[in-house]
Enquirer: 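Below you will find the structure I want to go over with you.
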Amino acid sequence: MKHEHGAESHEKAYKYGMVIDLDKCTGCGACMVACMVENNVSYKKDESNKLDSITWLRVFQLTNGKPYPDTEVCYLPRPCMQCEGEHGHSPCVSVCPATATDYDHETGVVSQIYTRCFGCRYCMAACPYHARYFNWRDPVWPENTKAGLSPDVSPRMRGIVEKCSFCFHRLQRVRQQAYAEGQRDILEMEYQTACTQACPAGAITFGDLNNSEHKVHTLKQSKDAFRLLERLGTNPKVYYISTRQWVREAGDNYLDCDIKP
Amino acid sequence: MSLGRRAFLQFSLGAGAGLTLSPLPWKLLDDSSIWSQTFRGLPIEVPVPPAGEVTIKKTVCALCPGGCGISVRKVKERAVKIEGTEGHPINDGGICPMGAAGLYQIYGGARVTKPLKRTGERGDGNWSEVSWADAISDISTQLNKTRKEGLSHTVACLSGSDQGTVPQLLKRLLSAYGSPNFFSMPSLRDTEGLALRFMHGKKGVLGYDLENADYVLSFGSGLIEGWGSPVSVFRAHSALRDKAREGKAKLIQLESRLSNTAAKADKWIPIEPGTEAAVALGLAHVIVKEMLYNKQFIDNNVFGFEDWVDLNGKTHRAFKRMVLEDWPVDKVSAITAVPAAQIFELARGFAKSSAPLAVAGRGKGMTPSGLNEFMAIYSLNALVGNVNKKGGVCVVPEIPLKEWPDIARDGLALAGLEHQRIDGADTKQAPVAQSLFNMVPDLINQINQEKMSDVMSALFIYNANPCYTLHNTQQVASAFNKIPLIISFASHKDETAKYADYILPNHTNLERYDDIYMPPGLGFPVIGLSQPVITPQYDTRHTGDVIIELAKAMGGTIAESFKFANYETLLKERLAEKWDTLVAEGFWKDDSFKLEGDRGFDTPTERFELFVIGLQRGGFISKDDNDYLPYYKSFPMSGEKDEYPLILIQTDSMRLANGTIATPPLMTKTVSDSVLKKNDIVVEINPQTAATYGLLDGDKALLKTPTGKTNVRVSYYNGLKPGVIAMPTGLGHTAYDDYICGKGTNSNDIIGTVTDPVVGFDIAWGCRAEIKRIIA
Amino acid sequence: MSAHHDEKPHCCQTASSGKCSMVFLAISFLIGFLFFLGVGWIVFPKLLYSKKIQPIDFDHKLHTAEAGGCESCHSLREDGTFTGIPGLDNCLQCHEEQIGNNPEEQKLVEDYVKQNKEIPWLVYSRQPDCVFFSHAAHTKMGKIECKECHGDKGESEKTVPYEENRITGYSRDIDGRIVPGLKLAANDRMKMTDCGDCHKKHGENNACFVCHK
């Protein structure tokens with residue numbers, strides 16, 4: 001029953017998504033840190049090689065490329081876009097040979113199961129957002145800091161791929177509480193991702209894109225809203241808002257001859 | 001083929017078939033793949049965090065003065081996450097990267113786990129463990145000896161701030177002991193305090209109602225870099241953004257670099273570094289000349305706008321004539337590199353808005369501003385009458401607490417207190433400042449080692465890391481090397497603790513009580529109570545308790561002045577009726593306080609003083625009337641322009657902590673590789689300037705200033721004024737653990753101090769510099 | 001015949017010895033086959049699991065009779081999480097002092113209660129870290145009885161030894177009591193396929209993140 005409607009669309013199911021207001025995002029990095037603490041992301045002594053630095057959520061700095069003094073800068077946080085593609089055919093899910101990553105039609109979240117992944121990194125090649133990270137090394141926590149690890153998210157091992165999960169364990173957590181209270185519905189504010197909760201500027205909004213009562217539903221319809229690389233047909237569930245045209249244009253690759261939005 | 005061999009082959013075949021039909025190979029395959037999920041038993045075993053009952057403990061973050069409410073998620077006894085407390089008046093659920101990474105303070109390396117006593121040379125880091133009882137008895141014996149020699153005034157204390165019960169206990173200890181030498185670390189709050197004292201005649205905290213302002217002029221203030229109470233400023237900025245989208249508000253940033261704040265602002269106006277006050281005076285010129293100021297407020301509430309005549313009949317040029325005569329737009333434009341038309345536009349836009357707000361203090365506000373330059377910017381708020389109003393500035397009064405009992409002092413104490421302070425604060429040399437620790441390193445360096453005991457025989461350090469945070473760290477370190485006895489209360493082995501003779505480790509912020517008063521820049525009075533959410537992980541003790549024990553061990557009138565059972569009971573007594581609310585909520589807010597309202601001014605003229613008579617009354621005598629006025633004087637930078645053709649500025653960022661607390665590794669991880677590449681600090685340079693010096697993006701270079709030199713990498717940044725080099729703050733630690741130490745250079749190493757002639761603060765925001773490519 | 005014998009003595013000899021050797025070889029095969037079949041079926045499981053004895057031989061039957069159903073000790077917390085095996089404080093509600101003369105109870109009081117030490121119970125149904133399992137979902141929403149997965153533990157009078165897989169570190173109760181993975185009763189095994197089958201049967205979501213973290 002659930003699968004029937006799930007396979008076709010999200011109409012009756014949840015479709016969790018995010019709207020990030022780039023006018024408000026200050027690039028402070030609190031979302032990145034909150035994400036890493038929440039999800040037991042490890043750290044090395046030197047993290048300046050950004051190619052092997054694992055940050056499920058990464059804040060990128062965009063610039064309009066103009067010389068002084070017309071330079072402008074904008075910060076863009078990039079979690080996993082939880083692409084729906086067409087009927088759940090996310091770029092990464094389509095290529096995974098191990099079914100280690102999957103699209104959940106009931107929530108719209110692209111899952112990544114670390115113990116199932118064998119590290120072929122095909123998904124990383126397929127992801128146009130560089131949202132997936134490979135564990136080139138064993139995760140090492142300085143001895144005492146292991147005490148700060150959360151039991152809600154399973155730590156990863158060497159040789160596997162990991163990525164943002166929209167803090168899915170938080171949904172598991174609230175669902176569990178709802179079950180204990182004998183109900184099934186999850187309220188908007190009950191399930192919020194760690195980055196959304198942490199953002200000191202209130203730039204991130206999270207909720208059910210299908211539910212017209214959720215803030216994201218309204219925000220994604222803003223005239224200034226856009227998604228990244230929309231033309232690829234990845235159908236991402238993360239929307240951005242910027243009043244600056246160059247930022248909106250930077251959300252996709254445009255050639256000079258293209259008609260820009 | 002022999003029979004035996006064939007039989008063996010058959011046997012093996014049978015064995016193979018037998019095994020294949022048994023569970024053994026399949027089970028082994030399955031199990032070994034399950035084993036490889038965690039590599040159980042190997043050194044690389046993946047940790048399995050134990051689950052358990054979850055509790056949430058509410059407290060207040062004590063990592064900066066911002067006073068944010070935090071909720072710590074605990075699984076059994078372990079703290080696993082720090083989150084902002086929803087509904088807290090300062091941060092309402094938000095948190096900064098530092099707060100979010102705060103668990104490293106407890107669980108991370110470099111903790112001082114036991115009281116330590118230095119065994120090797122200063123700075124070598126050789127320590128032996130000592131019991132609390134021995135440490136306290138050693139130190140109290142030494143201090144009693146010094147006191148008996150009549151040298152009690154040579155014992156000094158440096159605290160991160162003078163707010164809170166622990167700093168007050170330290171102050172009290174010195175006072176009972178007989179020393180006037182209590183220091184607090186310099187910051188923008190010192191300048192703000194003086195501006196309030198002289199312009200408003202009030203004590204308290206300078207509050208900005210950013211949220212309700214509609215035209216915010218920020219003079220280089222890092223509103224998005226950690227200025228004020230960071231999360232509260234971020235929230236206010238978001239409110240501004242909402243209004244700006246409807247064209248109802250504007251934020252304009254004036255500074256030489258496209259900082260995060262400038263990037264978020266509706267307009268970035270690049271200026272010559274350090275000329276913020278000149279722009280402000282130019283704006284004042286236009287506002288006065290075009291009669292755009294709030295006449296009613298100026299006439300009724302302001303002194304020093306019009307010229308005035310003193311008792312001797314001498315006419316003093318005041319604000320109005322000063323800005324008209326000295327700061328014509330063309331001149332300001334030449335100094336600041338802001339086009340004249342833009343100055344007019346800004347002045348008109350500012351004055352015609354309903355809630356214009358001028359914000360002062362560079363970057364995070366780690367360094368004080370000069371008093372006159374601060375007043376130049378601050379006076380714009382008075383010109384438009386946006387004082388004690390919604391969307392304006394106000395003085396947030398201190399929250400009255402229970403009085404301390406009297407201090408008992410014997411003859412030795414009284415004699416000690418008669419001595420002048422080491423830094424000259426509160427004396428003729430620097431009559432208005434309360435504390436000038438920036439003066440101390442240079443003073444010590446000029447004294448012979450043998451004479452040290454007569455000047456500074458001992459120094460207590462609480463919640464401060466001057467060997468890292470003060471300018472010209474080399475000078476600070478060599479001074480610290482000379483102080484005979486240094487006692488540090490550091491929880492972590494920081495740069496300053498390296499020089500200590502004793503480290504008496506304090507609990508970290510999540511293990512202790514701490515009272516946090518009046519976060520900077522907030523528009524309402526609030527107290528925060530930081531509470532222990534986990535049991536102390538090591539053999540540490542609350543500094544408050546150690547001070548009390550130390551006083552009791554010294555005996556006599558000192559012990560008499562410290563008849564407190566312990567720190568916790570003392571704190572409870574001090575906070576009295578507020579305690580229960582504080583424990584439950586983590587904060588106590590004075591809801592009776594209203595931003596708007598006529599609170600009057602307690603200056604000598606009972607008006608808002610643009611010509612600060614109070615400065616003169618305070619003991620600062622100058623023949624130059626401009627010293628009493630909001631004014632701009634070009635910054636006296638050492639070094640010749642020919643030798644050092646560039647200007648080096650320090651840039652603050654939310655992702656790098658540059659204060660007493662070091663940047664935890666998860667925060668460093670968020671830092672771009674155009675800030676830190678491997679262990680090299682990366683400085684920004686305009687591509688145009690880089691071309692002049694033959695520098696390519698990513699090149700290694702030698703950065704030299706009159707104070708020092710360091711190897712850097714360069715990164716092209718179009719958002720930086722040509723001729724300027726921007727160097728990040730918060731890197732280059734030489735202490736702590738492997739995850740913090742040795743990353744880049746501390747920009748304070750190569751920037752010298754610059755003393756404000758009126759107050760005596762170190763107001764350096766940069767220096768001259770040259771850069772040369774290193775050919776590898 | 002004899003001529004044949006004489007003519008082809010070698011051949012005959014070969015034939016008869018060939019038969020013998022065929023039999024011999026078949027026996028070799030059989031010995032190898034049976035021996036290693038035995039090793040795989042009987043010896044291997046014994047070697048694979050180490051047996052550990054619970055710190056206290058707990059009598060569930062007695063306790064359910066005295067204290068009530070499973071929920072009286074294994075309960076859900078307010079946030080919906082499951083307490084699992086109760087901590088010492090739970091035991092303390094009755095056993096602050098010894099109330100009977102059972103040697104196991106004496107062990108509890110002497111070794112744990114008086115020393116305020118948690119009992120290091122071995123958890124038969126401990127799942128790998130990557131598994132998220134909500135008791136609330138199954139008992140409250142699914143209305144599944146405890147014994148459907150855990151067996152009739154409430155009726156047991158003795159604790160069975162905890163058999164730990166020497167390779168994976170997980171209990172034999174997860175792997176399945178019968179080594180090849182045969183499942184005779186619902187509570188025989190607790191592997192992913194078992195969860196999945198049940199979810200499928202009841203039309204529940206089988207997406208990865210439902211049960212993984």
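To find a chain, count down the sequence lines: A is the first, B the second, and so on, and within it residues start at 1.
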Enquirer: Give a yes or no answer on whether the side chain of S238(B) reaches the backbone of A201(A) with a donor-acceptor pair at less than 3.5 Å.
Expert: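 Flag set: sc S238(B) to bb A201(A) pair under 3.5 Å.
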Enquirer: Where do F234(B) and P200(A) come nearest, in terms of heavy atoms and distance?
Expert: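 Taking F234(B) first and P200(A) second, the nearest heavy atoms are CD2-CG, 3.4 Å.
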Enquirer: Quick one: are N260(B) and Y75(A) in side-chain contact, heavy atoms under 4.5 Å?
Expert: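 A side-chain contact exists here, since the closest heavy-atom pair is under 4.5 Å.
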Enquirer: If we ignore hydrogens and angles and just use 3.5 Å, is the side chain of S48(A) paired with the main-chain N or O of K678(B) as donor and acceptor?
Expert: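 At least one qualifying donor-acceptor pair exists.
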Enquirer: Is there a donor-acceptor pair under 3.5 Å between the side chain of K669(B) and the backbone N or O of T55(A)?
Expert: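 Looks like no, no N/O pair under 3.5 Å.
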Enquirer: Determine whether more than 12 heavy atoms belonging to other residues, nucleotides or ligands lie under 6.0 Å from atom CD of Q221(A).
Expert: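 Atom CD in Q221(A) is packed in, count exceeds 12.
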Enquirer: Tell me which of these, M654(B), K74(B), K81(B), has more heavy-atom pairs under 4.5 Å with chain A than the rest.
Expert: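 The answer is K81(B).
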Enquirer: Check whether D138(A) reaches the backbone of I44(B) with its side chain - one donor and one acceptor, N or O, closer than 3.5 Å.
Expert: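 Pair absent, no side-chain N/O of D138(A) close to backbone of I44(B).
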Enquirer: Less than 4.0 Å between a side-chain N and a carboxylate O, is that true for K24(A) and D242(B)?
Expert: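 Salt bridge flag = yes for K24(A) with D242(B).
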Enquirer: Under a 4.5 Å heavy-atom cutoff, which of V41(A), D70(A), T145(A) has the most pairs with chain B?
Expert: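 Most heavy-atom pairs under 4.5 Å with chain B: T145(A).
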Enquirer: Counting C-beta onward and ignoring hydrogens, is there a side-chain heavy-atom pair between C28(A) and P97(B) closer than 4.5 Å?
Expert: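 Heavy-atom side-chain distance check passes, below 4.5 Å.
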Enquirer: Side chain, backbone, both or neither: which part of V231(B) has a non-hydrogen atom closer than 4.5 Å to chain A?
Expert: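 Both backbone and side chain of V231(B) come within 4.5 Å of chain A.
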Enquirer: Give every residue pair that meets the salt bridge (charged side-chain N to carboxylate O under 4.0 Å, His left out) criterion with at least one member in residues 161-170 of chain A, sequence neighbours excluded.
Expert: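 Salt bridge (charged side-chain N to carboxylate O under 4.0 Å, His left out) check on residues 161-170 of chain A returns E38(A)-R170(A), R156(A)-E162(A), R170(A)-E83(B).
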Enquirer: If you look at every heavy atom in G148(A) and L103(B), which pair is closest and at what distance?
Expert: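 Scanning both residues completely, I find the closest heavy atoms to be O-CD1, 4.2 Å.
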Enquirer: For I34(B), which atoms come within 4.5 Å of any heavy atom of chain A: side chain, backbone, both, or neither?
Expert: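 Answer is neither: I34(B) stays 4.5 Å or more from chain A.
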Enquirer: Looking at V59(A), T71(A), I160(A), which has the largest count of heavy-atom pairs under 4.5 Å with chain B?
Expert: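 Winner by heavy-atom pair count: T71(A).
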Enquirer: Could you pull out the closest heavy-atom pair between R73(B) and D152(A), with the gap in Å?
Expert: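 Nearest pair, atom of R73(B) first, then D152(A): NH2-OD2, 3.3 Å.
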Enquirer: Counting C-beta onward and ignoring hydrogens, is there a side-chain heavy-atom pair between V37(A) and L666(B) closer than 4.5 Å?
Expert: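 Heavy-atom side-chain distance check passes, below 4.5 Å.
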Enquirer: Between V46(B) and chain A, with a heavy-atom cut-off of 4.5 Å, which part of the residue counts as in contact: side chain, backbone, both or neither?
Expert: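 Only the side chain of V46(B) comes within 4.5 Å of chain A.
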Enquirer: Examine the side chains of D46(A) and Y739(B) and answer whether a donor and an acceptor come within less than 3.5 Å of each other.
Expert: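 Y739(B) and D46(A) do not have a side-chain donor-acceptor pair below 3.5 Å.
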Enquirer: When you measure from the side chain of K45(A) to the backbone N and O of P665(B), does any donor-acceptor pair fall under 3.5 Å?
Expert: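 Such a contact is absent between K45(A) side chain and P665(B) backbone.
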Enquirer: Given that the side chain runs from C-beta out, which part of T26(A) has a heavy atom under 4.5 Å from chain B: side chain, backbone, both or neither?
Expert: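 Both backbone and side chain of T26(A) come within 4.5 Å of chain B.
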Enquirer: Between V54(B) and chain A, with a heavy-atom cut-off of 4.5 Å, which part of the residue counts as in contact: side chain, backbone, both or neither?
Expert: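 Contact with chain A involves no heavy atom of V54(B) at all.
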Enquirer: Name the member of G84(B), P47(B), S36(B) that forms the most heavy-atom pairs with chain A at distances under 4.5 Å.
Expert: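 Looking at each option in turn, the highest pair count goes to P47(B).
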Enquirer: So with a 6.0 Å cut-off around OH of Y538(B), is the heavy-atom count from everything else above 12?
Expert: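 Buried by this count: over 12 neighbours within 6.0 Å.
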Enquirer: What part of N40(A) gets within 4.5 angstrom of chain B, counting heavy atoms only: side chain, backbone, both, or neither?
Expert: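 Contact with chain B involves the side chain of N40(A) alone.
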Enquirer: Side chains of K721(B) and Y68(A): closer than 4.5 Å at any heavy-atom pair?
Expert: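 Yes; the side chains approach each other to less than 4.5 Å.
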Enquirer: Check for a donor-acceptor pair, side chain of K146(A) on one end and backbone N or O of P49(B) on the other, with a separation under 3.5 Å.
Expert: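 Not confirmed, K146(A) side chain does not pair with P49(B) backbone.
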Enquirer: Considering non-hydrogen atoms only, spot the tightest contact between Y107(B) and N144(A) and give its length.
Expert: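 Distance-wise, the nearest heavy atoms are O-CB, 3.2 Å.
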Enquirer: Between R78(B) and L149(A), is there a donor-acceptor pair closer than 3.5 Å when you use the side chain of the first and the backbone of the second?
Expert: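 Such a contact is found between R78(B) side chain and L149(A) backbone.
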Enquirer: Examine whether an atom of A101(B) lies under 4.5 Å from a heavy atom of chain A, and if so say whether it belongs to the side chain, the backbone or both; otherwise answer neither.
Expert: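 Answer is both: backbone and side chain atoms of A101(B) are under 4.5 Å from chain A.
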Enquirer: Pick one of side chain, backbone, both or neither for R111(B), based on which atoms fall under 4.5 Å of a heavy atom in chain A.
Expert: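 Interface part for R111(B): neither.
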Enquirer: For S672(B), which atoms come within 4.5 Å of any heavy atom of chain A: side chain, backbone, both, or neither?
Expert: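 Only the backbone of S672(B) comes within 4.5 Å of chain A.
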Enquirer: Using a strict cut-off of less than 4.0 Å between a Lys/Arg side-chain nitrogen and an Asp/Glu carboxylate oxygen, indicate whether D23(A) and R241(B) qualify as a salt bridge.
Expert: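 The answer is no: the pair does not qualify as a salt bridge.
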Enquirer: Hey, which of C199(A), S154(A), C31(A), C25(A) has the most heavy atom pairs under 4.5 Å with chain B?
Expert: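 Most pairs with chain B among the choices: C25(A).
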Enquirer: Which atoms of R137(A) come close to chain B, meaning under 4.5 Å heavy atom to heavy atom: side chain ones, backbone ones, both, or neither?
Expert: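 Neither the backbone nor the side chain of R137(A) comes within 4.5 Å of chain B.
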Enquirer: Under a 4.0 Å threshold between the charged nitrogen and the carboxylate oxygen, would D21(A) count as salt-bridged to R245(B)?
Expert: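 Between D21(A) and R245(B) there is a salt bridge, with a charged N closer than 4.0 Å to a carboxylate O.
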Enquirer: My understanding is that only residues two or more places apart in sequence, or in another chain, count here; which of them pass side-chain contact (heavy atoms from CB on, under 4.5 Å) with C92(A)?
Expert: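 C92(A) satisfies side-chain contact (heavy atoms from CB on, under 4.5 Å) with S90(A), T101(A), V110(A), C123(A), R132(A) only.
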Enquirer: Give, as side chain, backbone, both or neither, the part of N686(B) having an atom under 4.5 angstrom from any heavy atom of chain A.
Expert: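 Just its side chain gets close to chain A.
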Enquirer: Nearest 0.5 Å, what's the CD-CG distance between E47(A) and L676(B)?
Expert: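 Nearest 0.5 Å value for the CD-CG distance: 11.0 Å.
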